[in-house]
Amino acid sequence: MRVTKGGTDMYCPSCKEVTTCKAVPAAQVTYNPSDYGQRKYYIKHDDIQFFQRGRECLSCGHEFVSAEVDLQFLEELVELRDALSEIKGNAEAYVKESAAASVSLEKLSESLGVLRALKVYKSAKKS
Ligand SMILES: [Zn+2]
């Protein structure tokens, strides 16, 4: 069902394309009574102030909440996401390398054990 009037063309996260979405109360989407107001902020991040709007995609019926934020905040979010992705990649490499190092250390310990046993054997043979 595609309706050309009575909505705003915007990206639907379900359709993954620009569709016409109508405004609905955000609380209708979240089932959270505190979402009746449009003006929102995070208590621990009061520099992040935004307006939220409930949306219903007129193509697929998916309901979601959109937020109107300062573009600079969005760009900061993208930078943080990239940095987090890099940290995650490094952490995965670290875990992989440390597992390999652990195996090497275990083999080294076994070798040392063999050497110690040989030394004990040799010294026992001499006496
Ligand atoms: Zn949709």
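These numbers come from the heavy atoms of this one structure, side chains and all, not from hydrogens, waters or symmetry mates. Just so you know, these numbers come straight off a predicted model, no measurement behind them. For ligands, and for the atoms within them, numbers begin at 1 and follow the listed sequence.
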Is there a donor-acceptor contact under 3.5 Å from the side chain of Ser85 to the main chain of Arg81?
-> no

Partner of Glu68 under salt bridge (charged side-chain N to carboxylate O under 4.0 Å, His left out), chosen from Lys40, Arg53, Arg39 | Arg53

Residues Glu63, Arg55: salt bridge by 4.0 Å N-O rule = no

List in chain and number order the residues that pass ring-ring contact (aromatic ring centres under 6.0 Å, His included) with Tyr41, two or more places apart in sequence or in another chain; answer none if no residue qualifies.
-> none

Among all residues two or more places apart in sequence or in another chain, which pass the ring-ring contact (aromatic ring centres under 6.0 Å, His included) test with Tyr42?
-> Phe50

Output the rest of the hydrophobic cluster of Met10: all Ile, Leu, Val, Met, Phe, Trp and Tyr residues reachable through side-chain heavy-atom contacts under 4.5 Å, sorted by chain and number.
-> Phe64

For the Zn ion (ligand 1), state how many protein N, O or S atoms fall inside a distance shorter than 2.8 Å.
-> 4

